[in-house]
Number of protein chains: 2
Amino acid sequence: MARNSRGRRRFLNFIMDIHHLKVFASVYKHKSFSKAAEELHLTQPTVSDHIRAFEDELKCRLFDRLPRKIIPTKEAAVLITRAQEVIERVEGFKDVLGEFRKDLSGHLVIGASTIPGTYILPGLTSSFRQKNASVLFEVVVSDSRAIIDKVAGDDLLIGIVGAKLESKQVDYKPFLDDELIVVASRKFDLRKSISIRDLVNLPIVMREQGSGTRREFEKILEKEGIDFQHLNIVGIFGSTDAVKQAVKEGMGISIVSRRSVKDELTCGMLKEIRIKDADMKRQFYIITHRKRTLPHLYKMFLEYLLS
Amino acid sequence: MARNSRGRRRFLNFIMDIHHLKVFASVYKHKSFSKAAEELHLTQPTVSDHIRAFEDELKCRLFDRLPRKIIPTKEAAVLITRAQEVIERVEGFKDVLGEFRKDLSGHLVIGASTIPGTYILPGLTSSFRQKNASVLFEVVVSDSRAIIDKVAGDDLLIGIVGAKLESKQVDYKPFLDDELIVVASRKFDLRKSISIRDLVNLPIVMREQGSGTRREFEKILEKEGIDFQHLNIVGIFGSTDAVKQAVKEGMGISIVSRRSVKDELTCGMLKEIRIKDADMKRQFYIITHRKRTLPHLYKMFLEYLLS
DNA sequence: AAGCAGCATAGAATAATTTTATAAAGGAGT
DNA sequence: ACTCCTTTATAAAATTATTCTATGCTGCTT
């Protein structure tokens, strides 16, 4: 039945959904119930019913039914504008999403551990910006542990880290390679190539705990059966630059990412000491939250990174 | 079942009615399906279902469901503004009508035949305006026939006329009384009181056919058994003022509405000749279309007229 | 007066929404 | 690790809404 117990409709809800408004607008446009029915692919009784329900709801007559035509009342004339506005907005709903998807501008926040944040991302963000319009990049640099926690805890959407810590929330995608190398000041007198066991005897400068670089180094030592405690640690610094500075000053050697000392090696400020018997390769990862949806801009950037 | 054949919904229609938008907005606000369900007096599965349907419709995820909380996606953040706008507009629908009803400003068009339009309405519109704000009155003066036709034909909403012509469309409400009187120039030498039959011998100035005054006069003659053809008509004028002018000039006597010559009688420009043997009372009517709804302003004015 | 055009009404058929009941998944506390 | 708790998902049944067909009514028109 078109109505439920004579004129009263719906249990709790209101009549004014888009559908009803559309019927109203169409009747107003055609000044005819049957023409409106035709346009909307409904039957005339349905249209009648909608109009009546709408009139009941508003407690006012909207159309005067004269024998040959219907005339909208003043009230209908007042309402039609608003009704059309609402319809238009709702129809445009999907377009809003479409527009939004085309839009590659916006604010892109990326978490990164020291090496990726300092030596990898600046180049990539810069070239992404050259291809795509106006993106504001914000690179949050912290150590790997902190970045992973932020991604897991919904504070960041994407991160690039140099360590893989277990977390159910986080999805790891392998990204670029890197290699840990041993560096020393150019004044440091040492053979060009040593065994990993020789490290035990050398003064070492290190990053703090939580650093991906340090963690990788610890993993390598462990694999080689060397106890971290036996190392001769002479300094711990909170940043790669500080470590590099200390090494340049001759405080000791350090194990750092090759990417972080590329320039110093080229100009001879630091020299590399090859380790002949250990694999010092490491992997960087792009991390995202396993259950969160990336905004479009982020997806685009992620695709760019992986290509 | 909440959905009909697994996720596909509705036969022909779209999901985005106000109801769905409200569910979306509530979930967005509370960041919780169950809280939204509570607010909307629905159950949680219903809310789940609406959101899923909406997501299917837009082909994009709106909320990331994490274990303890849900996080709106960027898409949801983009859409929520628009959704709230639409909801607000629809909620405000009834208020628009309310406002409209309180509003007593506007354009009020009244049709009137000569006597009401010239001698009755100006006073009434003026006092109505003193009580109520800013009404723009437009008085369309024409003869009774024309006004009745315009009301019947939807060109006018309200009219005041001095004749009752049959028309199924038109509703007549008795309004003020009037009286037809015989007037003559003050130079015109005649007894103060005559019989209606004496009119046959006098030179008469008249309004055109269609005039309510003339029609009333014809009806009186008919009642008295006097043939209109036997009258000594010496002039026909298209307006009451023209008739009055002609009478003043001594062209003849005329039968006019007492209201239209009130001032002239007072200052002696015209004199009344009493008819001792005929009832010359007449009635004015407020007319409206039987099936049309009067706008609020018109209703107010009508009430004012009838009080 | 019969035919026609246009809206209203009633009841049946169809479709959509909401509910109850239950599952599944992930945290929090013991 | 196990259990409880919270939150969302799923399924089927119940409820409610919408639409349709058929028919009635009214007032023009011829």
Side-chain angles (χ1 to χ4, degrees), chain A residues 1-20 22-23 27 30-38 40-57 61-71 152-154 167-169 289-291, chain B residues 1-20 22-23 27 30-38 40-57 61-71 152-153 167-170 289-291:
Chain A
M1 177 157 47
R3 54 221 76 74
N4 114 36
S5 84
R6 282 310 202 64
R8 186 142 301 129
R9 291 178 145 243
R10 297 241 201 184
F11 177 57
L12 194 73
N13 280 318
F14 54 156
I15 284 301
M16 268 174 279
D17 70 8
I18 314 295
H19 199 198
H20 297 283
K22 279 183 127 173
V23 172
V27 169
H30 293 294
K31 307 277 182 285
S32 155
F33 284 40
S34 15
K35 298 257 178 57
E38 210 174 302
L40 301 169
H41 304 291
L42 295 171
T43 57
Q44 168 268 311
T46 303
V47 173
S48 277
D49 189 53
H50 279 303
I51 297 299
R52 186 160 50 72
F54 202 32
E55 287 180 335
D56 288 356
E57 174 82 6
R61 177 153 285 256
L62 293 170
F63 298 100
D64 286 325
R65 284 78 153 171
L66 309 192
R68 295 201 78 68
K69 60 183 169 184
I70 62 174
I71 299 181
D154 305 316
S167 165
K168 264 178 285 188
Q169 310 282 26
H289 194 293
R290 202 177 287 277
K291 299 219 168 169
Chain B
M1 178 160 46
R3 55 220 75 77
N4 113 37
S5 86
R6 282 312 200 63
R8 185 144 300 131
R9 290 180 144 243
R10 296 242 198 184
F11 177 58
L12 194 74
N13 280 316
F14 55 157
I15 284 300
M16 267 175 282
D17 69 8
I18 314 295
H19 199 196
H20 297 284
K22 279 184 125 176
V23 173
V27 170
H30 294 294
K31 308 277 183 284
S32 155
F33 284 40
S34 16
K35 296 261 178 54
E38 209 174 302
L40 300 169
H41 304 291
L42 294 171
T43 57
Q44 166 268 311
T46 304
V47 173
S48 276
D49 190 54
H50 279 304
I51 296 299
R52 185 159 50 72
F54 201 32
E55 287 179 336
D56 288 357
E57 174 80 7
R61 177 155 283 256
L62 293 171
F63 297 100
D64 287 324
R65 284 78 154 172
L66 310 191
R68 294 201 78 66
K69 59 183 171 184
I70 62 175
I71 299 181
S167 167
K168 262 176 288 190
Q169 308 282 27
V170 175
H289 194 292
R290 203 176 286 277
K291 299 222 168 168

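To find a chain, count down the sequence lines: A is the first, B the second, and so on, and within it residues start at 1.
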(request) May I ask you to verify if any side-chain N or O of A:H50 is less than 4.0 angstrom from the OP1 or OP2 atom of D:dT19? (result) yes
(request) Can you tell me the distance, in whole Å, between the CD1 atom of A:I71 and the P atom of C:dG6? (result) 15 Å
(request) Can you figure out which of C:dC7, D:dT8, C:dT9 approaches the side chain of B:S32 most closely? (result) D:dT8
(message) Of the listed nucleotides (C:dT9, D:dT26, D:dT6), which one gets closest to any side-chain atom of B:R68?
(response) D:dT6
(request) Could you check how far CZ of B:F33 sits from C1' of D:dT10, rounded to whole Å? (result) 14 Å
(request) Could you tell me whether B:L66 contacts a base, only the sugar-phosphate backbone, or nothing, with contacts defined as non-hydrogen atoms closer than 4.0 Å? (result) nothing
(request) Consider the side chain of A:H20, meaning its heavy atoms from C-beta on, and name the nucleotide among C:dC7, D:dT18, D:dA9 that approaches it most closely. (result) D:dT18
(request) Let me know the distance between NZ of B:K69 and P of C:dG27, rounded to the nearest Å. (result) 11 Å
(message) Is B:R65 close enough to D:dA9 that one of its side-chain N or O atoms is under 4.0 Å from OP1 or OP2 there?
(response) yes
(message) With a 3.5 Å distance limit and no angle check, can you tell me whether B:D17 reaches the backbone of B:H20 through a side-chain donor-acceptor pair?
(response) yes
(message) When you measure from the side-chain N and O atoms of A:H19 to the phosphate of D:dT19, is any distance below 4.0 Å, counting only OP1 and OP2?
(response) yes
(request) Write down the distance between CZ (A:F54) and P (D:dT18), rounded to a whole number of angstrom. (result) 13 Å
(request) Round to a whole Å and report the spacing from CG of B:D49 to P of D:dA12. (result) 14 Å
(request) Choose from D:dT10, C:dA25, C:dA8 the nucleotide whose nearest atom is closest to any side-chain atom of A:Q44. (result) C:dA8
(message) Measure CD1/B:I51 against C1'/D:dT7 and give the value in whole Å, please.
(response) 15 Å
(message) Between B:R68 and B:L66 (side chain of the first, backbone of the second, donor and acceptor by atom type, cut-off under 3.5 Å), is there such a pair?
(response) no
(request) Check every atom of C:dC7, C:dA25, D:dA9 against the side chain of B:S48 and return the nucleotide holding the closest atom. (result) D:dA9
(message) Looking only at the side chains, is there a donor atom on one of B:S34 and B:E38 sitting less than 3.5 Å from an acceptor on the other?
(response) no
(request) For B:T43 and for A:Q169, locate the closest nucleotide of DNA chain C by heavy-atom distance; then report the residue assigned to the nucleotide nearer the 5' terminus. (result) B:T43
(message) Both B:K35 and A:L42 contact DNA chain D. Which one's nearest nucleotide lies toward the 5' end?
(response) B:K35
(request) Only counting residues at least two apart or in another chain, list the ones meeting salt bridge (Lys or Arg N to Asp or Glu O under 4.0 Å) with A:R61. (result) none
(request) Side chain of A:K291 only, please: which of D:dT8, C:dG26, C:dT9 is the nearest? (result) C:dG26
(message) Suppose we screen for salt bridge (Lys or Arg N to Asp or Glu O under 4.0 Å). Which residues come up paired with A:K291, at least two apart in sequence or across chains?
(response) none
(request) Report yes if a side-chain nitrogen or oxygen of A:T46 is closer than 4.0 Å to either non-bridging phosphate oxygen (OP1 or OP2) of D:dC20; otherwise report no. (result) yes
(message) In this structure, how many angstroms lie between the P atom of C:dG26 and the NE2 atom of A:H289, rounded?
(response) 11 Å
(message) Once rounded to the nearest 0.5 Å, what's the spacing between atom CD1 of B:I71 and atom NE2 of A:H289?
(response) 6.5 Å
(message) Please report the distance, rounded to the nearest Å, between CD1 in A:I70 and P in C:dA5.
(response) 18 Å
